[in-house]
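Structure first, commentary second.
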Amino acid sequence: MPELPEVETTRRGLSPLLEGQTIERLEVRDGRLRWPVPEALPERLVGARIATLERRAKYLLLTTDRGGVLLHLGMSGSLRHCTATTPLRTHDHLILHLTNGSQVRFHDPRRFGCCLPLPETGAPHPLLAALGPEPLDTAFDGDYLFQRSRRRRGPVKTFIMDQDIVVGVGNIYATEALFLAGIRPGRAAGRVTRAEYERLAECVRTVLGAAIEQGGTTLRDFLREDGTHGYFRQSLRVYGRAGEPCLQCATPLRNRRIGQRASAYCPTCQR
DNA sequence: CTTTAGGCCTGACGGC
DNA sequence: TGCCGTCAGGCCTAAA
C-alpha cells in the first residue's frame, strides 16, 4: 500500500528522470479515478517543461511551467517509467509521454488514486490545506503528539493515522511503530503518556526511514518506478503476522479491528 | 469539537 | 469448476 515510504521511493526514482524533461502529451486511457481526471488537464500540459517532482504527505506534486499536477496513488497505485515498447498492462490508466521517447504510466487497479491540476494561483491545493506535519521533519516529536492527543478518547493507532495529526503513516507503519514503541494500538490516545509519545515519535521516524532505505513495502500492488518491488516486507515484525509468534517473546500475535482496520499486536510486548 | 460508519473499486481467497 | 461473500484499505463525506 502506498504510504509515505512508497510515495517517497517513487519520487526519488522518478524525479531525475522527469526534471527538465518536456511533456509531449498526457494520455488519459481511463480518467475514472477517485475524482475524474479533468478533461482540460491534457491540453494544459502539452509542451510543458517539468520543473520538479515533490512530495507532501502521500501526495506527489509535479510542477511545470504550465501549471502543476497533484497525484495520489490511493491504495493500489504505482507509477512506472518505461518506453513505448513496454507492454501495456491492465489498469494502466494514464500515460505521460515525454518528448525524449520515454513515458510514465499511472497504474491503479482499484482506482482510489487521483490526478488533479494544482491551483494556478500558486495557493496550496484544498486537499493539502489541513495536513499535519511531515513525520521526518523536526516539527514532529513526542511533545507535539502529547499535546495534540489530550482529551482524545479514540485509539492511539487511529490518532497517528489521522493525516491532520501527522501525514504519511498508514496501517502498515502505524502497526509497526506501535509494536516498536511497546504501545497497544487500542489504547485511548489521551491516556498515552508523554514518555510513551516520545518513544512512539522516534519509532515512527525509525520505521519510515528504514522503509524508505529499502524501497518501501510491496504486498501486492506496489512497484517502484522501474518495476521492481520494495524490500521492507521482510522487515515487518507484526503487520500481517497475526497468529504467528512474536519475534521478541514468541507469544502468538493477536489481531483486533480498530477503526475498521486490521491491527496486529503482541499482548505481551505491547502495553 | 471528536468519533463513527459508509462508500468508492478490483483482485485474492475460502467455502460450498 | 464456478459462484458468492469477505477482506484489503486511503481518505473523503455525512451523520451521530
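Chain letters run A, B, ... following the sequence lines, proteins first and then strands; every chain starts at 1. As a basis for the values below, the full set of heavy atoms in this structure was taken, side chains included, without hydrogen atoms, waters or symmetry mates.
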Rounded to whole Å, please give me the gap between [atom1] in [X] and [atom2] in [N].
X	N	atom1	atom2	answer
A:Asp164	B:dT2	CG	P	9 Å
A:Arg148	B:dT3	CZ	P	12 Å
A:Arg151	B:dC1	CZ	C1'	11 Å
A:Glu6	C:dA8	CD	P	18 Å
A:His93	B:dC9	NE2	P	11 Å
A:Met161	B:dT3	CE	C1'	15 Å
A:Arg110	B:dA12	CZ	C1'	9 Å
A:Leu116	C:dC12	CG	P	12 Å

### Query
Relative to the 5' end of DNA chain B, which residue comes earlier, A:Thr158 or A:Thr90, by the nucleotide with the nearest heavy atom?
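So the residue in question is A:Thr158.
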### Task
Show your working on side chain to side chain donor-acceptor pair (under 3.5 Å) between A:Arg55 and A:Tyr59 and close with a plain yes or no.
CA-CA 6 Å; A:Arg55 180 189 60 75; A:Tyr59 294 93; over 6 Å; no
### Task
Remember a base hit wins even if backbone is also touched, and classify A:Arg32 as base, sugar-phosphate or nothing at under 4.0 Å, heavy atoms.
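A:Arg32: no heavy atom of the nucleic acid under 4.0 Å.
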### Task
Classify the nucleic acid contact of A:Tyr59 as base, sugar-phosphate or nothing, counting any heavy atom under 4.0 Å across all strands shown.
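Sugar-phosphate contact only.
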For the [atom1] atom on [X], are there more than 12 heavy atoms of other groups (residues, nucleotides or ligands in this structure) within a distance under 6.0 Å?
X	atom1	answer
A:Arg271	CZ	yes
A:Arg153	CZ	no
A:Gln147	CD	yes
A:Arg241	CZ	yes
A:Arg254	CZ	no

Please answer whether the main-chain N or O of [Y] pairs with a side-chain N or O of [X] as donor and acceptor at a distance below 3.5 Å.
X	Y	value
A:Arg257	A:Gln260	yes
A:Asp92	A:Arg89	yes
A:Ser263	A:Arg261	yes

Would you say [Y] and [X] are linked by a side-chain donor-acceptor pair, where the criterion is simply a distance under 3.5 Å?
X	Y	result
A:Thr9	A:Glu6	no
A:Thr63	A:Thr52	yes
A:Tyr231	A:Thr217	no

Would you mind writing out the side-chain donor-acceptor pairs for residues 119-126 of chain A within the sub-3.5 Å range, not counting sequence neighbours?
residue, atom, partner, partner atom, Å
A:Thr121, OG1, A:Ala123, N, 3.2
A:His125, ND1, A:Leu127, N, 3.0

### Task
Check whether any side-chain N or O of A:Arg257 sits under 4.0 Å from OP1 or OP2 of C:dA8, and answer yes or no.
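Yes.
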### Message
C:dC12, OP1 or OP2 - any side-chain N/O from A:His72 closer than 4.0 Å?
### Response
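No.
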Report yes or no: do [X] and [Y] belong to one cluster of Ile/Leu/Val/Met/Phe/Trp/Tyr joined by side chain heavy-atom distances under 4.5 Å?
X	Y	result
A:Ile258	A:Leu180	no
A:Leu61	A:Leu73	no
A:Leu53	A:Leu45	yes

### Message
Which residues in residues 126-136 of chain A have a heavy atom closer than 4.0 Å to any atom of DNA chain C?
### Response
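Correct list: A:Leu127.
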### Query
Which parts of residues 225-238 of chain A get close to DNA chain C, meaning a heavy atom less than 4.0 angstrom away?
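Residues of residues 225-238 of chain A that come under 4.0 Å of DNA chain C do not exist, since none gets that close.
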From the set [options], return the single nucleotide nearest to any side-chain atom of [X].
X	options	result
A:Lys58	C:dC12, C:dG10, B:dT10	C:dG10
A:Arg152	B:dT10, C:dG10, B:dT3	B:dT3
A:Pro155	B:dT4, C:dC11, B:dG11	B:dT4

### Intermediate values then yes/no, salt bridge (Lys or Arg N to Asp or Glu O under 4.0 Å), A:Arg80 and A:Glu225
CA-CA 4 Å; A:Arg80 188 162 175 189; A:Glu225 86 293 341; over 6 Å; no
### Task
Using five pairs at either end of the helix from B:dT2-C:dA16 to B:dC16-C:dG2, determine the angle between the two local helix axes and round it to 10 degrees.
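One end's axis against the other's: 50°.
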Expected rows: protein N/O vs nucleotides 13-16 of chain C N/O, under 3.5 Å:
none

With 3.5 Å as the limit, what N/O pairs link the protein to nucleotides 6-8 of chain B?
none

